[in-house]
Amino acid sequence: MTLLINNIERVRLLHGVKRIRCVEETIAARYSEGKMRCPTHLCTGQEAVAVGVCATLRNTDFAVSTHRSHGHYLAKGGDLSRMLAEIYGKSTGCSSGHGGSMHLIDESVGFMGSTSIVGGTIPVGTGLGLSVSLKGTDQVSCVFLGDGSTEEGVFYESLNFAVIKQLPVLYICENNLYSVYSPIQVRQPANRKIYELARSLGVPSETGDGNDVLDVYAKTSRAVASIRSGGGPVLLEFSTYRWREHCGPNFDNDIGYRSEQEYLDWKQKDPVEVFEAKLCGDEVLSKEALSEMERSIVAEVNDAFAFAENSPFPSPDQLGKYLYKEDEGASL
Amino acid sequence: MKRVLTYGQAINEALCVAMRQDRNVITFGLGVDDPKRIFGTTEGLVEEFGPERVFDMPTAENAMTGVAIGAALNGTRSVMTHQRLDFFLLAMDQLVNNAAKWSYMFGGKSSVPITIRLILGRGWGQGPQHSQNLQSWFAHIPGLKVVMPSTAADAKGLLLSAIFDDNPVVYLEHRWLHNIEGEVPEGDYRVPIGEAQVLSSGQDVTLVSFSYMTIEALHAVEHLEKQGVSCDLIDLRSVNPIDWPTVFESVKKTGRLIALDTASQTLSIASEIIARVSMELFHELKSPPVRIALPDYPTPTSPALSEKYYPRAEDIMQAVADLLNMTLDTDELIQSRTSPHDVPGEWFKGPF
Ligand SMILES: Cc1ncc(C[n+]2csc(CCOP(=O)(O)OP(=O)(O)O)c2C)c(N)n1
Ligand SMILES: [Mg+2]
């Protein structure tokens, strides 16, 4: 398949991955200040999946995600300032400080929530798909999931149901080879692929290079077109790699569960730098335009951090708020 | 000679002792052989006992609990570990429908000797899905035993008892206890399941506590003593079965009860303590019993909200003051703290 993607679109994809990289790395740099006091799972190294997938989706399409959701939320269009404020525990956060890094939401762009129990949103995204099909719209529900979550029963149960009902669900599996510090080899048989497993469950499925935003974009475009036209669920498995520790701001290649060399090999395939070099080499982007892009990203990110830091904490009497729907907004 | 270990080391030692003693004991769970070794508690096990008896598992809590049950029917004693209780909720089916019922529903033909280690999270924004204390769920299920040690010695003694018990035991360890230190006996040291321990003796008030709340209670007791108030502090250690004779005996002496809990208050273990004491000792009570537990909300993530969410030693002191109709000074206690409210001490830097 030849992909028709114009240069403006390519530059937009580059902006997307660079922006997420900048956010994640700024969080990493500032985390030790001790002001972001919640478990935080960075997606540095995995930006291309989020950006390539979300570039094919509309604001009216749905997405749900996992503990590692910053990239998905941002690529889907989620508000950056409100995400950072959430991580800082502020009242202006997207979940009013109740959730933290692992519980992001921006319904205005179809980002319906991320949760921290592995596999927890696979059926939720499937249910969004059911509702779409009942209402007869052409929306797509996108479920971001990790390789680890395919080991949960709920993965099979959800895909099975999505096939029976031919639901408009796009399952995006980011296979980064690890669940915390457990390599995939101790969790899944060596010669069985997640996308083949999905196929055998009746879900059309493909694999792709999760560090190549154009490959992600091309394969997802095709999947989304098929889903929109009533073709039922699709699963795409993208291989990629988490650069930093499972949870937290540091590198941990020294603690013994993976090698520095493996990390360096993946770093060669940096989804940001490789793509950037390509666009500059192809003269899609001039050096000046690139620096301007970088300058504007840094400015936006700095502003968003300033917003988060300067926002007020929730007042203690907000503790009991939002437990039930009728309490919502009572004193905002 | 005194031998001081941390709570985490005591757990590790119990696992070692059990596995050396009985080849049928195995341990598995996400991360038991990874570099962090479940906060150090499974240190050295895979090296000594090999990957057949100490292994990582797929992210499949429910199935793996059923696997442990099946293995138990053939004499294999599994110690399953989960880094948070919250993750284990996927396995409630196997635990409640199978493990807890097996002996009863088959007329005692066989039973399920498994130990489920669950870590209770707190602080550093663990939030709604990483800090639930659902001990009353487990304790509510006939057929399960539930232990919640608060000292290093009990961490060891109760884990050994759990492993060699012929029934399913849920072993709840609070993340904020892993680094506390205490004297721990060597060898196959066992603490009987269902026996409370009286950690301090007094005349004025009975405090019934368990798990991390016992640490807060110890601080409170120390500061109360300085101000002339003496308490019985009962550390339950097991929340199913509960050591009622010890609780009743103390309340008969003091006539005043404060029940502490690490969970949200309604339908908590503390509620059960108050219910039974009220039923059995109504006429001995000098004042209505008091419950100190969490409000009935999920755990908020923002430190601005969690500060008010968790009751601490000063709240216990205040409750004692109210019961005794006196004024007590909590300033010294509050000022003695050096860490922010959302970490147990310098050793815990987050994020997990
Ligand atoms: C049911 C459940 N089990 C275990 C955990 C602990 N845990 C948190 S993240 C994680 C890794 C999951 O791996 P994967 O799905 O591949 O996502 P990744 O972290 O690689 O993005 C695990 C096991 C959890 N949150 N929920
Ligand atoms: Mg993974």
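To find a chain, count down the sequence lines: A is the first, B the second, and so on, and within it residues start at 1. Atom set for the values below is all heavy atoms of this structure, side chains included, hydrogens, waters and symmetry mates excluded. Just so we're clear, the structure is a prediction, and the values are computed from it rather than from any experiment.
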Asks: Flag the one option from Gly31(B), Ser306(B), Pro58(B) with the top tally of heavy-atom pairs under 4.5 Å to chain A.
Replies: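 Most heavy-atom pairs within the cutoff with chain A belong to Pro58(B).
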Asks: Name the region of Ser179(A), side chain, backbone, both or neither, that has any atom closer than 4.5 Å to a heavy atom of chain B.
Replies: side chain
Asks: Evaluate the side-chain proximity of Pro128(B) to His103(A): yes if any heavy-atom separation is below 4.5 Å, no if none is.
Replies: yes
Asks: For a 4.5 angstrom cut-off between non-hydrogen side-chain atoms, does Ser95(A) reach Thr301(B)?
Replies: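 Not touching, per the 4.5 Å side-chain cut-off.
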Asks: Quick one: which of Asn62(B), Leu89(B), Asp56(B) has the most heavy-atom pairs under 4.5 Å with chain A, could you say?
Replies: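 Ranked by contacts with chain A, first place is Asp56(B).
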Asks: Minimum heavy-atom separation for Ser302(B) to Gly89(A), with atom names?
Replies: OG-O, 2.6 Å
Asks: So how far is it from His246(A) NE2 to Lys36(B) NZ, rounded to the nearest 0.5 Å?
Replies: 9.5 Å
Asks: To the nearest 0.5 Å, tell me how far Arg37(B) CZ sits from Tyr181(A) OH.
Replies: 13.5 Å
Asks: Identify the heavy atoms of Pro314(A) and Ala304(B) that sit nearest to each other, and give their distance.
Replies: O-CB, 3.7 Å
Asks: If you count the non-hydrogen atoms of other residues, nucleotides and ligands that lie under 6.0 Å from CD1 in Ile334(B), is the total more than 12?
Replies: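 More than 12 heavy atoms, drawn from other residues, nucleotides or ligands, come within 6.0 Å of this atom.
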Asks: Is it true that Asp342(B) and Arg37(A) have a side-chain N and a carboxylate O under 4.0 angstrom from each other?
Replies: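 Salt bridge flag = yes for Arg37(A) with Asp342(B).
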Asks: Checking the side chain of Gln129(B) only, and the main-chain atoms of Ser116(A) only, is there a donor and an acceptor separated by less than 3.5 Å?
Replies: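 Indeed, once roles are kept as given, a pair shorter than 3.5 Å links the two residues.
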Asks: Counting only non-hydrogen atoms closer than 4.5 Å, does Met36(A) touch chain B with its backbone (N, CA, C, O), its side chain (CB onward), both, or neither?
Replies: backbone
Asks: Can you give me the closest heavy-atom contact between Pro39(A) and Trp124(B), atom names plus distance?
Replies: CD-O, 3.2 Å
Asks: For residues Glu152(A) and Glu61(B), determine if any side-chain heavy atom of one lies less than 4.5 Å from a side-chain heavy atom of the other.
Replies: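 The answer is yes, as the side chains (C-beta and beyond) meet within the 4.5 Å cut-off.
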Asks: Of all heavy-atom pairs between Gly256(A) and Pro35(B), which one has the smallest distance, and what is that distance?
Replies: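 Closest approach of Gly256(A) to Pro35(B), heavy atoms only: C-CG, 4.1 Å.
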Asks: When rounded to the nearest 0.5 angstrom, what distance separates SG in Cys247(A) from NE2 in His130(B)?
Replies: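 With rounding to 0.5 Å, SG (Cys247(A)) is 7.5 Å from NE2 (His130(B)).
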Asks: With side-chain contact (heavy atoms from CB on, under 4.5 Å) as the criterion, how do Leu319(A) and Tyr297(B) come out once you've worked through the C-alpha distance, each side chain's angles and the decisive distance to 0.1 Å?
Replies: CA-CA 8 Å; Leu319(A) 182 55; Tyr297(B) 310 126; 3.8 Å; yes
Asks: Is Glu52(B) atom CD crowded by more than 12 heavy atoms from other residues, nucleotides or ligands, each under 6.0 Å away?
Replies: no
Asks: So do Val180(A) and Leu30(B) actually touch side chain to side chain, heavy atoms under 4.5 Å?
Replies: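 Result no, sub-4.5 Å side-chain heavy-atom pair not found.
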Asks: Relative to chain B, which segment of Thr115(A) carries a heavy atom at a distance below 4.5 Å: side chain, backbone, both, or neither?
Replies: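 Both backbone and side chain.
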Asks: Looking at Ser149(A), is its backbone amide N or carbonyl O close enough to the side chain of Thr59(B) to form a donor-acceptor pair, meaning the two atoms are under 3.5 Å apart?
Replies: no
Asks: Is any side-chain heavy atom of Pro316(A) closer than 4.5 Å to one of Tyr309(B)?
Replies: no
Asks: Determine the minimum heavy-atom distance between Leu323(A) and Asp296(B), stating which atoms define it.
Replies: CD2-O, 3.5 Å
Asks: Heavy-atom pairs under 4.5 Å with chain B - which of Lys90(A), Glu86(A), Arg187(A) has more of them than the others?
Replies: Arg187(A)
Asks: Which is it for Leu90(B) and Ile117(A) under the side-chain contact (heavy atoms from CB on, under 4.5 Å) test, yes or no, and what are the steps along the way?
Replies: CA-CA 9 Å; Leu90(B) 278 73; Ile117(A) 301 299; 3.7 Å; yes
